[in-house]
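Beneath this line is the structure, given in structure tokens, with notes to follow.
If you're wondering where the values come from, they're calculated on a predicted model, not measured in any experiment. Worth knowing before you read on, the calculation uses all heavy atoms, side chains too, and leaves out hydrogens, waters and symmetry mates.
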Amino acid sequence: MGQYYTIYNIDKFQSLGHMGKLGEFFADAPRAEFFVLLGMAGDPANKLTGSWIGDRIICAGDYTEPGDYPTGLFSEQEMAEMAEVDPNSTFRNCYEYRNISQRLPTMDEEIMGPNPEWVLLNISKRQYVRENAIAHLNMADHGPAGCMAHLGHALLSHICWSSQPNGLGCREDICRGSWAGSAFEITTLDRMEQHGGKPWIDVSDEMVGWLEELAE
């Protein structure tokens, strides 16, 4: 028995299918999939490349209860629509989410140029994480030896959501992710600096500390 998680794109009504139990798949957190969907590291001719940039993303567990969602995840209209479909069901049962995991193009990092310095942007919070700041961390305690941290771990560790803690030592904080439902983009540091708007906040050091805790 245990709780199974699925990564959802709320805006596109898409998913990456059942990921499994958090403690079992966390070390193998998607990297290529996120880089293709949230970046431009895929075939430009494929419509899925970069198609999740700016959309609401959440990794929801089976034990998420109806109405228990991150603040602001759904609009009043969306909440009303779900209540009309079934007030006793969660968003996963009120909308149809298509599994696109088998349709993704192959990741090609060099599309972004030689030796890119990859960053994960939380567009909603204007925060970012540098992959080279976390790459020295070994997540082997939750997977095979030599499983080094990447931006997939950074993202997944902050977007999980459930009403009941389960997995990774049953930590409540990982199941109430502070980034659950935010919008994201994976790009390079130089391209991030070309974005307009408010200044970006580098939270790489905080992410290092967080992933170190999870790897203990």
Side-chain angles (χ1 to χ4, degrees), residues 2-64 69-70 73-74 78 89-109 111 118-124 129 131 134 139 142-144 147-163 166-168 174-187 211 214:
Q3 180 169 199
Y4 290 82
Y5 284 79
T6 302
I7 298 172
Y8 297 95
N9 181 322
I10 300 298
D11 295 286
K12 294 283 194 311
F13 301 105
Q14 296 173 342
S15 82
L16 292 181
H18 290 295
M19 305 300 293
K21 300 176 184 178
L22 184 58
E24 296 176 354
F25 76 83
F26 181 76
D28 295 321
R31 184 174 187 269
E33 292 90 333
F34 284 146
F35 270 64
V36 168
L37 291 167
L38 296 174
M40 298 303 294
D43 182 357
N46 191 301
K47 293 182 179 180
L48 289 175
T49 298
S51 63
W52 282 22
I53 296 174
D55 291 342
R56 294 168 291 174
I57 309 300
I58 188 171
C59 182
D62 290 341
Y63 298 165
T64 301
Y69 307 126
L73 175 61
F74 294 108
E78 289 170 326
S89 292
T90 67
F91 73 94
R92 298 171 301 149
N93 299 320
C94 291
Y95 295 114
E96 181 178 352
Y97 289 85
R98 301 183 304 278
N99 182 351
I100 61 169
S101 60
Q102 301 301 315
R103 297 166 47 203
L104 297 178
T106 302
M107 175 183 172
D108 182 0
E109 294 191 46
I111 286 179
W118 293 107
V119 292
L120 168 66
L121 308 182
N122 183 321
I123 300 171
S124 305
V129 177
E131 187 167 63
I134 64 174
M139 309 305 292
H142 293 292
C147 181
M148 308 309 290
H150 51 69
L151 292 180
H153 292 106
L155 179 58
L156 188 61
S157 71
H158 277 63
I159 63 171
C160 292
W161 191 266
S162 176
S163 302
N166 185 274
L168 291 181
I174 196 172
C175 296
R176 309 292 285 186
S178 60
W179 286 4
S182 289
F184 302 93
E185 179 179 358
I186 291 177
T187 185
L211 291 178
L214 296 181

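Closest approach of Ser162 to Tyr63, counting heavy atoms only: OG-CB, 3.6 Å. Counting all heavy atoms, side chain and backbone alike, Phe34 lies closest to Gly152 at CD1-CA, 3.8 Å. Counting all heavy atoms, side chain and backbone alike, Leu156 lies closest to Cys59 at CD1-SG, 3.8 Å. Taking each heavy atom of Val119 and Leu151 in turn, the nearest pair found is C-CD1, 3.7 Å. When all heavy atoms of Ala149 and Ile134 are compared, the pair lying nearest together is CB-O, 3.2 Å. For Asn122 against Phe184, the heavy-atom pair with the smallest separation is ND2-CE2, 3.6 Å.
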Set out, in order, the CA-CA distance, both residues' side-chain angles and the distance that settles side chain to side chain contact (heavy atoms under 4.5 Å, CB included) for Phe26 and Ser157, then state yes or no.
CA-CA 8 Å; Phe26 181 76; Ser157 71; 3.9 Å; yes

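Atom-to-atom distance recorded for Met40:CE and Glu185:CD is 9.0 Å, nearest 0.5 angstrom. The NE2 atom of His158 lies 9.0 Å from the CD1 atom of Ile174; values are rounded to the nearest 0.5 Å. Here the CZ-NE2 distance, from Phe25 to His18, works out to 11.5 Å after rounding to the nearest 0.5 Å. Between atom CD1 of residue Ile7 and atom CG of residue Asn99 there is a gap of 11.0 Å, rounded to the nearest 0.5 Å. Taking NZ of Lys21 as the start and OH of Tyr5 as the end, the distance is 12.0 Å to the nearest 0.5 Å.
Counting heavy atoms from C-beta outward, Leu48 and Arg103 have side chains that approach closer than 4.5 Å. Side-chain contact between Leu16 and Ile100 is present, with at least one heavy-atom pair separated by less than 4.5 Å. Looking at Gln14 and Tyr97, their side chains never come closer than 4.5 Å, going by heavy atoms from C-beta outward. At least one side-chain heavy atom of Ser51 sits less than 4.5 Å from a side-chain heavy atom of Leu37. No side-chain heavy atom of Ile10 sits under 4.5 Å from any side-chain heavy atom of Tyr95. Between Tyr69 and Glu78, the closest side-chain pair of non-hydrogen atoms is not below 4.5 Å. For the pair Ile159 and Ile58, the minimum side-chain heavy-atom distance is 4.5 Å or more.
The aromatic rings of His153 and His150 sit tilted relative to each other, their planes meeting at an angle between 30° and 60°.
The backbone N or O of Pro44 lies less than 3.5 Å from no partner atom in the side chain of Thr49, so there is not a single donor-acceptor pair. The backbone N or O of Asp62 sits less than 3.5 Å from a side-chain atom of Arg92, completing a donor-acceptor pair.
The salt bridge (Lys or Arg N to Asp or Glu O under 4.0 Å) contacts involving residues 6-19 comprise Asp11-Arg56, Lys12-Asp55, where partners must be two or more places apart or lie in separate chains.
The ring pair (Phe, Tyr, Trp, His ring centres under 6.0 Å) with Phe91 is formed by just one residue from the set Trp161, Tyr8, Phe13; it is Tyr8.
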